[in-house]
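Just below is one structure, and these are the notes that go with it.
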Amino acid sequence: MPIDILMPALSPTMEEGTLSKWLKNEGDSVTAGEVIAEIETDKATMEVEAVDEGTIGKIVVPAGTENVKVNAVIAVLLQEGESASDIGKSAPAPAPEGDKAEAAAAPSPQRGEGGEQSEPGEGAKASVPAAPKTEAQSDPDIPEGTEMVPTTVREALRDAMAEEMRANEDVFLMGEEVAEYQGAYKISQGLLQEFGPRRVVDTPITEHGFTGVGVGAAMAGLRPIVEFMTFNFAMQAIDQIINSAAKTLYMSGGQMGAPIVFRGANGAAARVGAQHSQCYAAWYSHIPGLKVVMPYTAADAKGLLKAAIRDPNPVVFLENEILYGQTFDVPKLDDFVLPIGKARVHKKGKDVTIVSFGIGMTYAVKAVEELSGLGIDVELIDLRTIRPMDLPTVIESVKKTGRLVTVEEGYPQNSVGTEIATRVQQQAFDYLDAPIITIAGKDVPMPYAANLEKLALPNVGEIVEAVKTVTYKA
Amino acid sequence: MAPRKSAAAASRKKPAEKSGLNGGITDFDKATELEAYREMLLIRRFEEKAGQLYGMGFIGGFCHLYIGQEAVVVGMQMALKDGDQVITGYRDHGHMLATGMEARGVMAELTGRRDGYSHGKGGSMHMFSKEKNFYGGHGIVGAQVSLGTGLAFANKYRGNDNVSVAYFGDGAANQGQVYESFNMAALWKLPVVYIVENNRYAMGTSTARSSAQSNFSLRGNSFGIPGHQVDGMDVRAVYAAAVEAVAHCRSGKGPIILEMLTYRYRGHSMSDPAKYRSKDEVQKMRSEHDPIEQVKARILELKHASEDELKAIDKKVRDVVADSADFAQNNPEPDPSELYTDILL
Ligand SMILES: Cc1ncc(C[n+]2csc(CCOP(=O)(O)OP(=O)(O)O)c2C)c(N)n1
Ligand SMILES: [Mg+2]
């Protein structure tokens with residue numbers, strides 16, 4: 001069958017162009033890859049190459065023709081043994097190869113000759129399916145009589161990694177100073193001694209590179225834990241976290257993903273200045289394809305890190321240097337794993353809901369105490385996971401209290417709190433008795449001076465005032 | 001402040017035996033030896049004082065001392081001229097003093113007070129001086145290398161003959177953007193002197209454990225950037241190499257790399273127990289290669305000055321440092337309204 005040679009597109013948006021020149025005449029034979037014509041638009045000129053071998057049977061669109069529609073037949077190629085009389089029975093050729101062969105070859109019936117122009121997306125609008133709802137499991141029951149062991153967050157994190165490394169040979173830890181130095185913040189204390197240098201790997205200071213190496217290893221089926229000395233340095237690597245780790249599962253149609261944990265200290269420490277003090281909870285929680293966990297207590301740190309290591313998805317696990325040394329009870333169980341995506345009611349109450357997470361909880365816990373002295377009974381929710389967010393727990397609480405204050409250290413614009421506020425007003429508007437107040441760090445880079453740093457961070461007084469405001473006791 | 005990159009530059013140039021880029025040294029005349037001595041001593045004493053103030057709680061956060069590496073920045077600075085730019089990482093107090101920034105302003109920034117160079121908003125790692133062409137003061141390892149390359153780009157763009165000097169550590173030398181910068185600098189023949197301050201460790205990681213090629217002077221090879229190893233404990237060797245490197249850049253030949261073999265005596269920052277190296281190793285460097293002791297010994301041997309005269313210099317340096325510490329402790333904190341200034345123009 002003769003082959004139709006079609007007008008190619010130079011770009012995904014090109015609809016028509018000028019066929020400026022034929023380099024072949026009717027009757028000429030061509031080989032695949034040979035340039036047969038030149039086309040141009042106002043932006044570019046391109047050579048049209050033959051895809052198949054044959055003889056030019058007919059030039060349909062003469063040189064110099066303007067406004068030739070993309071995918072219009074411009075010539076007909078005869079294959080061996082065919083003659084001009086066969087023309088008319090032709091099959092459309094795959095569009096000639098040019099810069100943008102993909103675009104030309106893409107099925108696009110709307111752009112075809114005489115095809116109807118329909119607005120892209122118009123038809124799609126009606127058919128966008130609803131995002132599936134995920135339901136998080138509840139925390140496992142802790143059997144009565146379970147011994148509670150006072151543990152620092154630092155130890156809890158180390159124990160979680162050690163247990164998972166014992167259980168699964170594919171789990172390994174890599175990062176700066178994680179092995180011989182035992183961790184810049186001593187989180188990996190003892191791991192090199194127990195697991196050896198094959199599984200506890202000191203990297204050079206090359207975040208972008210070793211994060212890519214980690215993601216690649218995860219794509220190959222290993223279970224890397226990538227430690228960032230602090231998340232400030234993960235900004236060097238954020239491309240690999242988002243473009244490679246978070247999107248591969250989707251881009252590969254589910255064939256492969258990146259079961260990997262990115263963990264390390266997040267947020268402000270004490271007086272380490274603007275480049276070393278930011279909270280990434282909101283940043284990463286923006287990204288589909290990531291899970292984002294930010295624990296407060298040692299028990300949550302342990303149970304959620306174990307879950308993160310087992311999770312088949314990339315998990316960003318945000319720790320905090322100031323919390324590392326704080327002690328909490330951790331249940332003594334062989335395998336204490338908590339569900340990612342489930343908030344924890346830290347304290348039950350009826351007057352007002354406070355939602356916080358990570359280090360934000362330290363302010364909230366103090367505020368709750370102070371408020372109870374004022375006769376205000378706060379329900380305090382520790383979000384624990386930022387993405388997927390356990391909104392049902394928050395909504396349930398707000399339905400009871402009618403008032404909501406959120407607390408976090410990150411910047412105020414597009415914060416986790418503003419996200420919660422948006423969704424609560426969408427889903428529980430009728431239950432709200434006061435506007436939601438979102439408390440965040442100030443809208444400034446972190447200053448070094450002690451007095452300014454204090455002002456830049458949220459404080460207990462602000463929370464107390466906010467609660468008084470939403471309960472109309474101010 | 002002492003005279004820096006001063007008229008002495010002309011008189012100190014005695015012909016070197018070997019080229020400065022091949023391990024040669026430039027013999028210093030009396031004035032230059034004394035200047036080098038004083039400059040290095042100022043940094044040493046300043047850093048010791050900063051360490052004390054940190055211990056007393058006047059300085060917070062990270063504080064990275066430059067003790068041991070003084071000859072690098074002092075020797076380099078002697079070869080620069082007005083308008084040349086300097087940029088470095090977070091181990092930056094020495095660079096600031098060497099570029100002529102005031103001890104008071106630096107120390108007051110360390111204590112987070114209003115008359116610090118950044119009004120207390122930067123801290124130890126983030127100070128800048130437009131006047132002295134000091135461009136910081138950067139906390140993200142490696143970032144200053146690209147920024148320093150950008151400073152050189154601006155020089156070339158403007159058609160002036162200034163060079164930029166970008167300092168970074170042996171650890172930083174492994175960051176990807178260093179090589180992206182090398183490529184552009186070589187491609188566009190940018191006048192930038194890359195100084196690798198190889199003090200053998202990046203935090204607790206020795207160069208042998210972090211670097212497939214630990215001769216950092218070779219790191220520009222695939223871009224055709226010449227590189228040289230320099231005894232960074234000998235200020236004369238640093239100066240000799242600096243003169244040639246700077247001339248190379250000024251004459252339009254593009255970037256050059258100087259690997260300064262040096263050593264930090266203190267921990268990485270104030271909180272580093274430094275268990276990754278032996279006390280002997282540190283002691284050996286101190287007793288056999290100390291940059292200040294080397295100059296001092298020559299000064300005495302050549303009778304450029306007597307012990308007493310050196311003591312007088314010492315005293316003056318101590319006074320400057322003590323004054324800066326007093327100032328930094330008594331200067332008020334920034335006004336709260338500073339919280340919201342300098343975010344956007
Ligand atoms: C991108 C980035 N990663 C990690 C760190 C943490 N960090 C600060 S200094 C340092 C070591 C750098 O060593 P080197 O470059 O040799 O300089 P030196 O401290 O020896 O002067 C590390 C890992 C950081 N500040 N930035
Ligand atoms: Mg170093």
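Both backbone and side-chain heavy atoms feed into the values below; hydrogens, waters and symmetry mates do not.
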Taking every heavy-atom pair that is under 4.5 Å apart, which of A:T206, A:T203, A:N232, A:D202 has the most such pairs with chain B? A:T206
Side chain, backbone, both or neither: which part of B:S118 has a non-hydrogen atom closer than 4.5 Å to chain A? neither
Most contact-rich option vs chain B, by heavy-atom pairs under 4.5 angstrom, among A:A450, A:A449, A:P445, is A:A449
Close aromatic pair by centroid cut-off 6.0 Å: B:F128 and B:F134: no
Counting heavy-atom pairs under 4.5 Å to chain A, which of B:H126, B:K275, B:R209 comes out on top? B:R209
Partner chain A: residue of B:S210, B:G139, B:P273 with the largest heavy-atom pair count (under 4.5 Å): B:G139
NZ/NE/NH1/NH2 to OD/OE distance under 4.0 Å, A:E319 and A:R263: yes
For A:N451, is it the side chain, the backbone, both or neither that has a heavy atom under 4.5 Å from a heavy atom of chain B? both
Picking from B:C63, B:P334, B:G176, which has the most non-hydrogen pairs under 4.5 angstrom with chain A? B:P334
Side chain, backbone, both or neither: which part of A:A456 has a heavy atom under 4.5 Å from chain B? both
Whatever's closer than 4.5 Å to a heavy atom in chain A on B:D335 counts as backbone
Do B:S211 and B:N174 get their side chains close enough for a donor-acceptor pair, meaning under 3.5 Å? yes
Per-residue tally against chain A (heavy atom, under 4.5 Å) across B:G122, B:A143, B:S124 peaks at B:G122
Using non-hydrogen atoms only, which part of A:E207 is less than 4.5 Å away from chain B: side chain, backbone, both, or neither? both
Heavy-atom cut-off 4.5 Å, strictly under: side chain, backbone, both or neither for B:L110 against chain A? backbone
Are B:R104 and B:D115 close enough for a salt bridge, meaning some N to O gap below 4.0 Å? no
Can you tell me how far apart CD1 (A:I463) and NZ (A:K468) are? Round to the nearest 0.5 Å. 13.0 Å
pair A:V292-A:Y280: side-chain heavy atoms closer than 4.5 Å: no
Answer yes when B:E47 and B:R91 have at least one side-chain N-carboxylate O distance shorter than 4.0 Å, and no when they do not. no
